[in-house]
Each structure stands twice: as C-alpha cells, then as structure tokens.
Visitor: 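Questions regarding the structure given below will be posed in turn.
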2 protein chains.
Amino acid sequence: MEEDAPGAESLDRAFMALADPVRRAMVARLSRGDATVNELAEPFAITKQAVSKHIHVLEHAGLVTRSRDAQRRPVHLDAAALERLTAWIDQYRLIAESRFRQLDQLLGASVSHHDQENTPAKKKEELK
Amino acid sequence: MEEDAPGAESLDRAFMALADPVRRAMVARLSRGDATVNELAEPFAITKQAVSKHIHVLEHAGLVTRSRDAQRRPVHLDAAALERLTAWIDQYRLIAESRFRQLDQLLGASVSHHDQENTPAKKKEELK
DNA sequence: CTCTTAATCAACCAAACAGTTGATCAATGA
DNA sequence: TCATTGATCAACTGTTTGGTTGATTAAGAG
C-alpha cells in the first residue's frame, strides 16, 4: 500500500514513533543527553520490556541510535532525523501559507483570515 | 496512560495522522488548495468510505477543517497546526544540537562528530 | 564460579486501526 | 416529485500495536 514517494516508509515510522506520548517524553529526555533503558523507564509506570520496545520503535524509525558501554546500551537522539521531519512538514506548510498570503492581498488586505481561502472555481478545478 | 504534558492528545493525533502515506499525500494535495473527498480519493485505489475516514482522522487531529459548498464538503489544510508540530520537534532538536556544538568545541573542534556526545558520568547521572 | 545488574527474546492478550460492503442522508437539478 | 451526486453511517474482518509475564543472554563484581 505504498504509492507514495520514496522515503515514505521512513516517514511512516518516524511520525508513528512520535505519535506516542511515552516515546515523545523519551525524545524530550534524550534531547538533554543519552540515557539507558532503565533511566528512560523510570518516569513511567510500565515494565522495562515495554520501554525496550518503545526504544526499538524509535531506533527502527531512525530517530535514535545505540552504542555500547559495558552492560549499558545508551540511547542517543539523532537530531538530523528530527530535522528531516520538520523539513517534510515545512515543505507543505510554506506552500499553504504562501497561498494564504496571496489570497489575503487579493481580497483587499483587511479581511479576517479565518474564512475559506481557496474553494476556487465553482465548476470543477483549476489547480495543478 | 497520559502522564505527559497537557496538549499531548493533540500531538498524539497529529503525528499519528501523518504516519500514514495516504494521509500525507492528502496533506500534500491540500497544500495546493482545498479539495473534496472525491478529488482526494482519485489518486488512490481505496474506496470513498476509506478516504472519508482518513479525512476524519486529519480533522480530528486538527490538521484540516471542513466547510460547506452545496453538497460538497471541501477540506482545508490548517497551516497553523503544521506549525505547532514543527515547533514541538524543533524545541528538542535545537536542545540536542546545542549540546552537540558545545561538545564539539570542548573536544578541540576537529573531532569526527559521530561519536557519543554525552554518556556523562560513569556513576549514575548528572543531568537535570 | 556465583550473584547481580542491564537488557532482550518469546509467547500471549486486549484494544485500536485500515479497509471492505451495504444502506442511508442531504442537497441539487430534471 | 424523483433520480443523481457527494458524502457519511453501520457492521464486520484481518492486522497491528502496546502491554503483560516468564525465561534468557551478556557483562561485571564478589
């Protein structure tokens, strides 16, 4: 079911990973420095195994990497992966906002901009 | 199971919504202008009902809004919602990157920066 | 060698999700 | 009024996910 552009799977996994509040809290924690499974587990009322799974999800999504330090396997946040996500979102946000501004101007510049901004032709379509 | 900050549910739904390639394609399409269910369904080999559900997911996530135009219910992309997502991501990305730069300096500035950057104390923890 | 700590593997379960078909509602347009 | 088009509601199904318990591997510390 992937009729999308290449790299879609990676985005799938990355957004899915961030869709969970536990995993987002882990990202927040990791932004301040690497941490182990046990450290990441502490704030949550779930088992260590569940945490391990969450980390695996983040890792498989490319958002974190792991290394080795004796028995510990510290988890490390990959900032570049986060940047790829914002890049995807901004790509479309900026297009939409530019349409927004165009129409604002076109409407005399003093309109409350909470109206429909597009809905272009009554017939069929014009965009491309 | 929400021991996260307030607003977490909204982020849950927004990231979850973007975790699907079909919905991402819809966002891409909508960035160029509002569209109806049928228009959004066209590129995909799924039923109209499935598309309707996808749109409902995007709507419930706050990423799109809907209006009325005769029998049509055009879908409209909310750029501000996208911005809230990038804001969340950037918040932590920037923290991580600042740590990154700090350590780069600290290590003499000519080190391959693919090493562990934190792993602070061998004893227990130092961060706060 | 044995005990403890860190983490994972494996099997299992309940809830949620994506998609389907079939029926229905709502607003036109003939 | 009645047929048509756009979209949704409702019920059902197969798959995935998030969590659990229990057993196991790996690396030190005594």
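Within every chain, numbering begins at 1; the chains are lettered A, B, ... in the order of the sequence lines, protein sequences first and strands thereafter.
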Visitor: Please pick, from D/dA27, C/dA7, D/dA7, the nucleotide with the shortest atom-to-atom distance to any side-chain atom of A/Gln71.
Guide: D/dA27
Visitor: Establish, with yes or no, whether the OP1 or OP2 oxygen of D/dA7 is under 4.0 angstrom from a side-chain nitrogen or oxygen of B/Thr36.
Guide: yes
Visitor: It should be established whether A/Asn38 places a side-chain nitrogen or oxygen under 4.0 Å from OP1 or OP2 of nucleotide C/dA7.
Guide: yes
Visitor: Assess whether one donor atom and one acceptor atom, taken from the side chain of A/Gln49 and the base of D/dG22, lie less than 3.5 Å apart.
Guide: yes
Visitor: Let me know the distance between CG of B/Asp20 and P of C/dG19, rounded to the nearest Å.
Guide: 6 Å
Visitor: Categorize A/His54 for me: base, sugar-phosphate, or nothing, with a 4.0 angstrom heavy-atom threshold over every strand shown.
Guide: sugar-phosphate
Visitor: Which pair of heavy atoms, one from B/Ala61 and one from B/Ala17, lies closest together, and at what distance?
Guide: CB-CB, 4.0 Å
Visitor: Is B/Arg29 reaching over with its side chain to a backbone N or O of B/Pro43, donor-acceptor style, under 3.5 angstrom?
Guide: no
Visitor: Using atom CG of A/Asp34 as one end and atom P of C/dA6 as the other, report the distance to the nearest whole Å.
Guide: 17 Å
Visitor: Whole angstrom is fine here: how far is it from CG in A/Leu18 over to P in D/dG18?
Guide: 12 Å
Visitor: Starting at the 5' end of DNA chain D and moving along, which residue's nearest nucleotide shows up first, A/Arg68 or B/Met16?
Guide: B/Met16
Visitor: Whole angstroms only, please: what is the CZ-C1' distance between B/Arg13 and C/dC17?
Guide: 15 Å
Visitor: OP1 or OP2 of D/dG18 less than 4.0 angstrom from a side-chain nitrogen or oxygen of A/Arg23, does that happen here?
Guide: yes
Visitor: With the side chain of B/Lys53 defined as its heavy atoms from C-beta on, choose the nearest nucleotide among C/dG19, C/dA7, D/dT20.
Guide: C/dG19
Visitor: Judged by atom type as modelled, is there a donor-acceptor pair below 3.5 Å linking the side chain of A/Arg93 to the main-chain atoms of A/Gln91?
Guide: no
Visitor: Rounded to whole angstroms, how far apart are CD on B/Glu39 and C1' on D/dG6?
Guide: 11 Å
Visitor: Please tell me if B/Thr47 has a side-chain N or O lying less than 4.0 Å from either OP1 or OP2 of C/dG19.
Guide: no
Visitor: Taking all heavy atoms of A/Ala14 and all of A/Leu63, pick out the closest pair and write down the distance.
Guide: O-CD1, 4.0 Å
Visitor: Can you find a pair of side-chain heavy atoms, one from B/Arg32 and one from A/Ile95, that are under 4.5 Å apart?
Guide: yes
Visitor: Distance check needed: D/dA7 P versus B/Met26 CE, whole Å only.
Guide: 12 Å
Visitor: In whole angstrom, what separates B/Arg73's CZ from C/dA26's P?
Guide: 9 Å
Visitor: May I have the distance from B/Arg72 (atom CZ) to D/dT8 (atom P), rounded to whole angstrom?
Guide: 13 Å
Visitor: Measure from the side chain of A/Ile46, starting at C-beta and using heavy atoms only, and say which of C/dA7, D/dG19, D/dG6 lies closest.
Guide: D/dG19
Visitor: Do B/Lys48 side-chain and D/dG6 base share a donor-acceptor contact under 3.5 Å?
Guide: no
